[in-house]
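Have a look at the structure below before the remarks.
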Amino acid sequence: MILTLTPNPSVDHTLEVERLIRGEVLRVSATRAQAGGKGVNVARALRVAGVPTRAVLPVGGGGGAELVTLLGDLPCVTVPIAGETRANVAVTETDGTTTKLNAPGPTLTPGETDALLAALEDELSAGPEWVVASGSLPAGAPDDLYVRVAELAASYGVALALDTSGKPLEAAARAGSVSLLKPNHEELAGLIGRELPTVGDVVGAAREVLEWGNRSALVTLGGHGAILVDPENTWWARGPEVRTRSTVGAGDCSLAGFLGAGDSPVERLRHAVAWGTAAVSLPGTTVPSPGDVASDSITVVADPDPLSPVDQL
């Protein structure tokens, strides 16, 4: 079973337009509302794939009630909070361009933060294979929240996958003990504090992060696939070109594909890129079903050329 923690979940509204023109009145061709937040997206993708999962998240106000309704039969533990669960808006254009408007979300009190961690610990005691800590932190939550999550996971012998950015990413990564870090290219560059134009730069940055005490890194590269780095090996994988409808949640689907695959790092990477590739071809934050995923179309290369520019992979 794979457990997910989403400290700042959302109701995600997607609007599809032909082209986004600032200041104009536009006709929307399709709309949808879906349960959102990075950990929620991971859990939804795992659920569709038939992988046992359970989501832990705070909910509050009318937005929280709507989120619970949208979660449907997804197994979850909800922690009540006084603030209002946020709503995010994504505008997707026919050429695949996505513009996201993410609300900051509610402010968690110290007591609510403690309650969220207590709910997580209750679930960790059941012995899941992985816990995924994912997404931004709401106001009021300390920057070291994911460090505390890592400590809890370690105390129960549960592997931690972390997907966040900024100060929360830096705090947890520098504390070490993360089994899998999943930054994208830009987030890894921000963490290291330098540009990463080549494959060698990405791999070097990932290995630097592993030297802090972390075990592996899955660096997603958008349309250029993903690179998996552990202390001894490096693999790069890429899928075929597809028509992009929405990039929202694609990285979360990649993480779900990675965690839901077998034990082989190569097969995990292959599934990660296959699930991410399938996700971008679907509207909004729709997660792919197994029938949407073509793992055999993914190319995996060991020890890719370090001089290759990332944007030309």
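All values below were derived from every heavy atom in this structure, side-chain atoms included, with hydrogens, water molecules and symmetry-related copies excluded. Since we're looking at a predicted model, the values are computed, not measured.
One distance of note links OG1 of Thr234 with CZ of Arg207; it measures 4.0 Å at 0.5 Å rounding. Distance CG/Leu57 to OG/Ser134: 12.0 Å, rounded to 0.5 Å. Atom CD in Glu241 sits 11.0 Å away from atom OG1 in Thr277 (nearest 0.5 Å). Rounded to the nearest 0.5 angstrom, Leu101 CG and His13 NE2 are separated by 12.0 Å. To the nearest 0.5 Å, atom CG of residue Leu259 and atom CD1 of residue Ile2 are 5.0 Å apart. Taking CG of Asn214 as the reference point, atom CG of Leu181 lies at 4.5 Å (rounded to 0.5 Å).
Across Trp275 and Pro290, no two heavy atoms sit closer than the pair CH2-N, 4.1 Å. Looking at every heavy atom in both residues, Asp144 comes nearest to Ala171 through CA-CB, 4.5 Å. Nearest heavy atom pair, residue Thr6 against residue Val40, reads OG1-N, 3.0 Å. In terms of heavy-atom proximity, Val300 sits nearest to Ala237 at CG2-CB, 3.9 Å. Annotation for Val28 and Thr31: closest pair CG1-CG2, 3.5 Å, computed over non-hydrogen atoms. In plain terms, the two heavy atoms of Gly249 and Asn41 that are nearest each other are CA-ND2, 4.0 Å.
A heavy-atom distance below 4.5 Å is found between the side chains of Val248 and Lys100. Side-chain contact between Met1 and Pro75 is absent, with no heavy-atom pair separated by less than 4.5 Å. Residues Pro9 and Leu67 meet the side-chain proximity criterion, which asks for heavy atoms closer than 4.5 Å. At a threshold of 4.5 Å between non-hydrogen side-chain atoms, the residues Arg54 and Thr4 do not count as touching. When side chains are defined from C-beta on, Phe258 counts as touching Leu180, because their heavy atoms get closer than 4.5 Å. A heavy-atom distance below 4.5 Å is not found between the side chains of Trp236 and Val273. Proximity of Thr113 to Pro142: side-chain heavy atoms (C-beta onward) are separated by under 4.5 Å at one or more points.
Side-chain contact check for Ser264 and Arg270: no donor-acceptor pair (N or O, by modelled atom type) lies under 3.5 Å. Looking only at atom types and distance, the side chain of Thr286 has a donor-acceptor partner in the side chain of Gln34 under 3.5 Å away. A side-chain donor-acceptor contact under 3.5 Å links Ser289 and Asp292.
Both Val301 and Val203 sit in one connected hydrophobic cluster of ILVMFWY residues. Membership requires side-chain heavy atoms under 4.5 Å apart, directly or through other members. The hydrophobic cluster containing Val266 also contains Leu255, counting ILVMFWY residues as joined when their side-chain heavy atoms lie under 4.5 angstrom apart, directly or transitively. No continuous path of ILVMFWY side-chain contacts below 4.5 Å connects Trp212 to Val147, so the two sit in separate hydrophobic clusters. Grouping the Ile, Leu, Val, Met, Phe, Trp and Tyr side chains by contacts below 4.5 angstrom, directly or via other members, places Leu124 apart from Val132. When the side chains of ILVMFWY residues are joined at heavy-atom separations under 4.5 Å, either directly or via intervening members, Val56 and Val11 end up in two distinct hydrophobic clusters.
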- request: Give the C-alpha distance, both sets of side-chain angles, the deciding distance and a yes or no for side chain to side chain contact (heavy atoms under 4.5 Å, CB included) between Val293 and His271.
  value: CA-CA 8 Å; Val293 178; His271 279 77; 5.6 Å; no
Test log, rule side chain to side chain contact (heavy atoms under 4.5 Å, CB included), inputs Thr92 and Thr14: CA-CA 7 Å; Thr92 61; Thr14 303; 4.2 Å; yes
message: Go through it in stages, so that I can follow the logic: the residues are Tyr146 and Thr164, the test is side chain to side chain contact (heavy atoms under 4.5 Å, CB included), and I'd like the CA-CA distance, side-chain angles, deciding distance and then a yes or no.
response: CA-CA 9 Å; Tyr146 288 139; Thr164 187; 3.7 Å; yes
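Arg44 has no carboxylate O lying under 4.0 Å from a charged side-chain N of Asp252, or vice versa, which leaves the two without a salt bridge. Salt bridge annotation for Arg32-Asp12: absent, with no cationic side-chain nitrogen under 4.0 angstrom from a carboxylate oxygen. With salt bridges taken as basic N to acidic carboxylate O contacts below 4.0 Å, one links Arg148 and Asp114.
More than 12 heavy-atom neighbours from other residues, nucleotides or ligands sit within 6.0 angstrom of CD on Glu267.
For the pair Arg86 (side chain) and Ala103 (backbone), a donor-acceptor distance under 3.5 Å is present.
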